[in-house]
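For reference, the structure is listed below as structure tokens.
Each chain gets a letter, A, B and so on, in the order its sequence line appears, and its residues count up from 1.
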Amino acid sequence: MAQGAPWLEGLNPAQRAAVEATEGPVLVLAGAGTGKTKALTARIAHLLRTGRARPNEILAVTFTNKAAREMKNRIGALIGEAAEGMPWVGTFHAIGVRMLRRHAELVGLTPGFTILDTDDQLRLLKQLIAAADIDEKRWPARLLASVIDGWKNRAIVPDRVPAAEAEAFGGQGPALYAAYQDRLRTLNAVDFGDLVLHCLTILQTHPDVLGQYQRWLRYIHVDEYQDTNVAQYLWLRLIAQGHRNLCCVGDDDQSIYGWRGAEVGNILRFEKDFPGAQVIRLEQNYRSTGHILSAASGLIAGNRDRLGKTLWTEAGGGEKVRLIGHWDGEEEARWIGEEIEAIAAGRRAVVAGLDGVAILVRASHQMRAFEDRFLTIGLPYRVIGGPRFYERQEIRDAMAYLRLAVSPADDLAFERVVNTPKRGLGERAQATIAQAARAGGTGLASAAARLAREGAIGGRAGAELRRLTEAIGRWHAVALAPGYDHVALAETILDESGYTAMWQADKTPEGPGRLENLKELVKALEGFENLQGFLDHVALIMDNAAEDAAEKVSVMTLHAAKGLEFPVIFLPGWEEGLFPSQRAMDETGLRGLEEERRLAHVGLTRAERLATVSFAANRRVYGQWQSQLPSRFVDELPPADVEVLTPPGLYGGGFGAAAGGMAERVARADAYASPGWARMAARTSAPRGIARPEEARTLTVRADAEAAFAPGARVFHAKFGYGRVMAADGDKMQVSFEKAGEKHVLASYLVAAERAADLPF
DNA sequence: GCTAGGTTAATTTTT
DNA sequence: TTAACCTAGC
């Protein structure tokens, strides 16, 4: 069968069906560890090798560069040649840039537009907020950024903001959004959201362009379809209307990015959106042993909004999921450290090297406890998903200088480095420059050059400004010459600007590292033709460069773990409020809870042979000790797949009762003497308690309703004490505290005053 | 214009 | 607890 078709070898029947269903809309529901990338790449290889499509007729979009790279590599391996000739394989954003550069003028840009990073974006928004005379404290730029981002994710342009949302950002949201888009256009810049939204606008308003892509792209593939947002969905749907060959691969149970615009509804609705669609389920799991898989399946079964899959494996039962409770977070970290040493030393049923072990946490601040512990015991670890190389301050500064050399009119870049290193050009001088730029209708750099020449800014500042603007002119002249040595230019720029010298003079411990990073940046330049090519690449690819080979334990968030697998997984911090996160539940209620549950499912399914869930009775939250209740997800694990471990130093198994369910857990809870714990436990048995799975929904609805307090309500805050609600905006409360005065706090940090006595402190 | 100390508020993060 | 941000004083 697969004879003469090596790309079909080793596929199971479902995978093979997905590969061969080339025509018409197809949804491949691929559970965790079921070989989805294998099926997807085999399908593309199949299209190519059977002559159904040429490399440039296949569109394949992913969310991350890593996924795009892997797809290209694997297709290349299958068809026996590099997949470099496939221009439409990439992330939504990379493909968006490609399209947009081609048609920039249709949305009022020129093809040389710059792509803003988050920093630039915030700086721009701050200016607009200040210009609109809005109090930045009450209405921070970050909030506006997320509001605008939310609109862009849903393909809402400024004049189409729904009336119900016009109140956003103090009623100024829509106006500021419009102003922001105007400003971007004059700067000839786009943000990440625009990369998709502008493309969509072009396709919607220019049938000729749309027709061109519709004819061109015969086969369309989407990886991680559950992560698409509305704008991406609309974009895909338009293009797919041509040949109607759309293959979406995804897993509704792994949708964990709802908070940044991903719309699970896209995958849940697929069959309605694309009538006659085939749905193929990949359910055979090749990653995990039986108990792990079954525990994960049992847990996710608690979600109502899902298409449903039954994962199975030919691997045996293996080890049960281990469950253990600890006295506090430090003990949890200590215990996990010891377990890892035991596993690495071969003293446990499952043996793995440090590279095979990962700790997955809900929120990045939880990583600290493990870092502290591992440092003291000298256990090598790596943190995945920390600050990325291209997001570091020194790299962004250096990039701003490079941007100025390519286009001196880049105002945001100019603003960023005009006084870095310090040149005595403070607020006042910058205001003068900005004013001159506005008056002359030019960019900041050219206005600055004029001011410097005319001597309008005096003293050291004037001299420095003159040096800087002349240097920019020189660099730009070099960058204009075809075939210039861009690596040498970059070195010159960093040198002449005084930027390298600035870090050489820096005596803080970070100094040397930053210089090292700058060197790496220059080295990275070597791989590119010129500066422009490099800048484009960096704007989209924020990957961390350094990969070191040493054996280390990985520590990362559950989000960062998606798509990865490890023989041994630790899942600490399964406590109510932490995981599921209180905030997720407050903000989006049942939807939030279900996303948290999917996150738990993602965590468990990362494990190949051993998964250990743990929780602590006490945890320091923002410096305050707090009693914690085990997560409802602990109770939702099927008891048959769980082995309860006895925590060290506790009689009678302590939390061991948790696996038996709520009643038993509460009965045993008095093993812990903390008054707070006792009160919490007592409260648990009251109607308002933390729910069993079947109660979870009503509880969440109630919690949601209680998230807000009406003005006038008397409330209690752990730090500020008693107070009265003055105003409420969603979950944000303005409270006048008796002792602490007026504050803005999130409703989830408040309780009704009459319930304050129930609190565990 | 810069820096040190006080104030504030507090997921998840890719592009 | 802590890190980022702002304000007051040099």
Spacing between F92(A) atom CZ and dT13(B) atom P, to the nearest angstrom: 21 Å

Atom-pair distance (CG on D223(A); P on dT15(B)), nearest Å: 13 Å

Check: dT12(B) base within 3.5 Å donor-acceptor of R362(A) side chain: yes

Geometric cation-pi criterion R98(A) and W88(A), 6.0 Å radius, 45° cone: yes

Atom-to-atom span, CG of L143(A) to P of dT8(B) - whole angstrom: 19 Å

Other residues, nucleotides, ligands: >12 heavy atoms within 6.0 Å of R102(A) CZ: yes

Integer angstrom distance from the P of dA4(C) to that of dT13(B): 16 Å

R416(A) and D119(A) ion-paired at < 4.0 Å: yes

Parallel, tilted or perpendicular, as decided by the 30° and 60° cut-offs, for the rings of F370(A) and F374(A): tilted

Between dT15(B) (C1') and H559(A) (NE2): distance, integer Å: 16 Å

Flag if over 12 foreign heavy atoms under 6.0 Å of CZ, R154(A): yes

Integer-rounded Å distance: dT12(B) P and L593(A) CG: 19 Å

Closest nucleotide among dT11(B), dT13(B), dT14(B) to the R583(A) side chain: dT11(B)

Closest listed nucleotide, where the reference is the side chain of R260(A) and the choices are dT13(B), dT15(B), dT11(B): dT13(B)

Pairwise N/O distances under 3.5 Å, protein to nucleotides 1-5 of chain B:
{"residue": "dG1(B)", "atom": "OP1", "partner": "G426(A)", "partner atom": "N", "Å": "3.2"}
{"residue": "dG1(B)", "atom": "OP2", "partner": "E427(A)", "partner atom": "N", "Å": "2.9"}

Sugar-phosphate only, base, or nothing, as touched by E596(A) at under 4.0 Å among non-hydrogen atoms: base

Whole angstrom value for the distance that separates C1' of dT2(C) from CD of E371(A): 14 Å

Closest to the T91(A) side chain, choosing from dT15(B), dT1(C), dT13(B): dT15(B)

5' priority, DNA chain B, between A584(A) and H93(A) [closest heavy atom]: A584(A)

Aromatic ring of F192(A) stacked on base six-ring of dT14(B), 5.5 Å, 30°: no

side-chain N/O S364(A) vs dT12(B) OP1/OP2, d < 4.0 Å: yes

Under 4.0 angstrom between Y622(A) side-chain N/O and dT11(B) OP1 or OP2: yes

Parallel, tilted or perpendicular, as decided by the 30° and 60° cut-offs, for the rings of H559(A) and Y257(A): tilted

Separation of dT13(B) P from H365(A) NE2 (nearest whole Å): 12 Å

Steps toward ring pair (Phe, Tyr, Trp, His ring centres under 6.0 Å) verdict (H537(A), F528(A)): CA-CA 9 Å; H537(A) 171 86; F528(A) 292 83; 4.7 Å; yes

Straight-line distance of R123(A) CZ to D117(A) CG, nearest 0.5 Å: 8.0 Å

Value in whole Å for how far the C1' atom of dT14(B) lies from CD of Q232(A): 10 Å

